[in-house]
Amino acid sequence: MTIQNVPFMTTDWSKIPSTEHRGEKGKALWRTLEIGNIRVRMVEYTPGYIADHWCSRGHVLLVLEGELVTELKDGRSFTMSPGMSYQVASDAEPHRSSTQSGAKLFIVD
């Protein structure tokens, strides 16, 4: 990943307004910072959340709280807890997320 046109800065995520994104079930609350050529997000999934689409975008994702299940379109599934991450390139392996208990994530793409 080459990060371009991003000066040094700090972010107080509590001051970034959230936007609501409905899933197949539940919802995701995104706090988003788009700067230069990257998008940085703090995302909270409500308990029972299931994504409503397969995502092909590349990400670096870190689980901060809760438990996240990421399913790949080929049928593989990965359960992640706080401190675990995944990395995937754009258009590499379509994936979607779900959580029974809720989760808080930090995502860069």
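Here, residue 1 is the first one in the sequence, and each next residue gets the next number. All figures in this text were calculated on a predicted structure; none of them were measured in a lab.
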Next item on the list: State, yes or no, whether a side-chain contact exists between V88 and H95 at a heavy-atom distance under 4.5 Å.
Entry: yes

Next item on the list: Identify whether V60 and L105 are in the same connected component of the hydrophobic contact network (ILVMFWY, side-chain heavy atoms under 4.5 Å).
Entry: no

Check: Going from CZ on R22 to CG on D52, what distance comes out if it is rounded to the nearest 0.5 angstrom?
Finding: 11.0 Å

Next item on the list: With sequence neighbours excluded, give me every side-chain hydrogen bond (donor to acceptor under 3.5 Å, both in side chains) pair touching residues 99-109.
Entry: R39-D109, R41-D109, H59-D109

Check: Hey, what do you get for SG (C55) to NZ (K73), rounding to the nearest 0.5 Å?
Finding: 11.5 Å

Check: What are the two closest heavy atoms between E24 and R96, and how far apart are they?
Finding: OE1-NH1, 4.4 Å

Note to self: Quick check: closest heavy atoms across G48 and K25, and the distance to 0.1 Å?
What the structure shows: O-CB, 3.5 Å

Next item on the list: Output all residues satisfying side chain to side chain contact (heavy atoms under 4.5 Å, CB included) with F78, sequence neighbours left out; order by chain, then residue number.
Entry: L72, R76

Note to self: Do Y45 and M42 sit in one hydrophobic cluster, given that two such residues count as connected whenever their side-chain heavy atoms are within less than 4.5 Å of each other, even indirectly?
What the structure shows: no

Next item on the list: Check whether F106 and V6 end up in the same hydrophobic cluster, where Ile, Leu, Val, Met, Phe, Trp and Tyr are linked by side-chain heavy atoms less than 4.5 Å apart.
Entry: yes

Next item on the list: Scan side-chain atoms only and decide if Q87 and S85 contain a donor-acceptor pair under the 3.5 Å cut-off.
Entry: yes

Next item on the list: Group every Ile, Leu, Val, Met, Phe, Trp and Tyr by side-chain heavy-atom contacts under 4.5 Å, then state whether L64 and V108 land in the same group.
Entry: yes

Next item on the list: Starting at OH of Y86, measure out to CD of E93 and round the result to the nearest 0.5 Å.
Entry: 11.0 Å

Margin query: Any side-chain to backbone donor/acceptor pair from N37 onto I3? Under 3.5 Å, distance only.
Written below: no

Margin query: Please determine whether side-chain contact (heavy atoms from CB on, under 4.5 Å) holds for the pair L61 and L68, giving the CA-CA distance in whole Å, both sets of side-chain angles, and the decisive distance to 0.1 Å.
Written below: CA-CA 11 Å; L61 177 149; L68 180 72; 3.8 Å; yes

Item checked: Test item: S98 side-chain N/O and Y49 main-chain N/O as donor-acceptor pair under 3.5 Å -> no

Check: When you check the side-chain N and O atoms of H21 and T19, is any donor under 3.5 Å from an acceptor?
Finding: yes

Checklist line | Test side chain to side chain contact (heavy atoms under 4.5 Å, CB included) applied to I16 - qualifying residues, sequence neighbours left out | finding: T11, W13, R31

Next item on the list: Measure across P82 and G66 and return the closest heavy-atom pair with its distance rounded to 0.1 Å.
Entry: CD-O, 3.1 Å

Check: Can you find a pair of side-chain heavy atoms, one from V69 and one from M80, that are under 4.5 Å apart?
Finding: no

Notebook entry, point to check: In terms of hydrophobic clustering (I, L, V, M, F, W, Y; side-chain heavy atoms under 4.5 Å; direct or indirect links), are L33 and W30 co-clustered?
Noted result: no

